[in-house]
Amino acid sequence: MKQNNQPIGIFDSGVGGLSVWKELVSSLPNESVIYYADSANCPYGPKNKETIISLASKMVDFLIGKNCKIIIVACNTATAAAIDFLRSRYPLPFIGMEPAVKPAALDSKTKSIAVLATEGTFNGKLYIDTSKKYAKDVELNIKVGDKLVDIVEKGLINDPTTEHHLAALVKPLIDKNIDHLVLGCTHYPFLIEKLEKVLPSNVKIIDPAPAVINQTKKILEQFDLLDKQDDKPSYKFYYSGNAIVLKDILKNITDLNYSIEEDY
Ligand code: DGL
């Protein structure tokens with residue numbers, strides 16, 4: 001098989017990376033994709049760096065075993081803990097999740113922005129460096145998205161308590177007069193509709209998926225890895241734990257044909 005026709009690998013601690021997968025298949029419709037959801041080990045947020053590196057390496061070994069030509073780490077927490085290790089250990093290109101502080105800071109009128117992410121992401125060098133570099137001229141408010149990964153993983157997005165929980169979570173940020181909320185965890189875009197209900201209308205929510213997929217496209221071009229054939233791409237999903245929520249979310253976000261395979 002020519003390298004160009006090999007699939008793109010993508011993984012997350014669970015179903016969050018589906019927010020990136022959705023953008024990937026719509027922006028690069030020729031590419032076949034293999035997704036791994038590590039729902040059995042979710043959440044990664046409170047786990048230590050060594051544990052996340054070991055879990056991420058297992059998935060990377062699996063995706064390389066499936067012949068992937070490039071891997072998207074569709075998890076901010078895993079990017080923060082493991083991307084340097086993965087890049088030094090494996091020969092293929094990796095794309096990580098970038099905290100989208102720069103566009104928010106540049107666009108802010110109130111000069112106050114917020115980032116919602118896991119504790120693992122906030123502790124990572126990547127976030128610390130990016131925020132130092134790009135958020136000099138704005139007030140940068142950070143908030144750990146307490147319970148949000150759980151809400152998405154357990155299929156509780158439409159539970160009546162979710163909106164109350166979100167309202168309480170963002171209240172201190174609204175009090176800081178923010179006009180941008182950066183989503184620093186790939187699970188959170190599934191809560192955008194609910195967040196819009198509890199945020200003032202001037203607050204712009206930033207989902208980094210489009211920027212990450214743009215970057216993926218650039219790297220594929222740079223390495224001459226784009227799939228240029230017109231044959232139908234395939235979409236496969238593997239998971240640890242259970243697939244109930246994975247199936248549910250996929251039903252809601254895509255009409256494409258895909259297959260879900262149990263574990264590895
Ligand atoms: N989707 C992961 C992220 O982007 C969720 C983290 C977790 O598992 O706690 O950070």
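Order of appearance sets the numbers: ligands from 1, and atoms from 1 within every ligand.
A salt bridge links E31 and K69; the closest N-O separation between the charged side-chain nitrogens and carboxylate oxygens is under 4.0 Å.
Results of the ring pair (Phe, Tyr, Trp, His ring centres under 6.0 Å) test with W21 over Y258, Y35, F11, F237 single out F237 as the only residue that passes.
Ring geometry for Y36 against Y238 counts as parallel: the plane angle stays under 30°, on a 0 to 90° scale with 60° as the upper cut.
In N257, the CG atom is not crowded: 12 or fewer heavy atoms of neighbouring residues, nucleotides or ligands sit closer than 6.0 Å.
Using modelled atom types, no side-chain atom of S39 and backbone atom of G241 make a donor-acceptor pair closer than 3.5 Å.
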Dump all N/O pairs between ligand 1 and the protein below 3.5 Å as a table: atom names plus distance, one pair per row.
from, atom 1, to, atom 2, distance (Å)
ligand 1, 1 (N), D12, OD1, 2.9
ligand 1, 1 (N), T186, OG1, 2.7
ligand 1, 1 (N), H187, ND1, 2.8
ligand 1, 4 (O), N76, N, 2.8
ligand 1, 4 (O), N76, OD1, 3.2
ligand 1, 4 (O), T186, N, 2.9
ligand 1, 4 (O), T186, OG1, 3.3
ligand 1, 8 (O), S13, OG, 2.6
ligand 1, 8 (O), Y44, N, 2.7
ligand 1, 9 (O), Y44, N, 3.2
ligand 1, 9 (O), G45, N, 2.7
ligand 1, 10 (O), N76, N, 3.4
ligand 1, 10 (O), T77, N, 3.1
ligand 1, 10 (O), T77, OG1, 2.6

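Legend: residues meeting salt bridge (Lys or Arg N to Asp or Glu O under 4.0 Å) with K49, ordered by chain and number and at least two apart, are absent.
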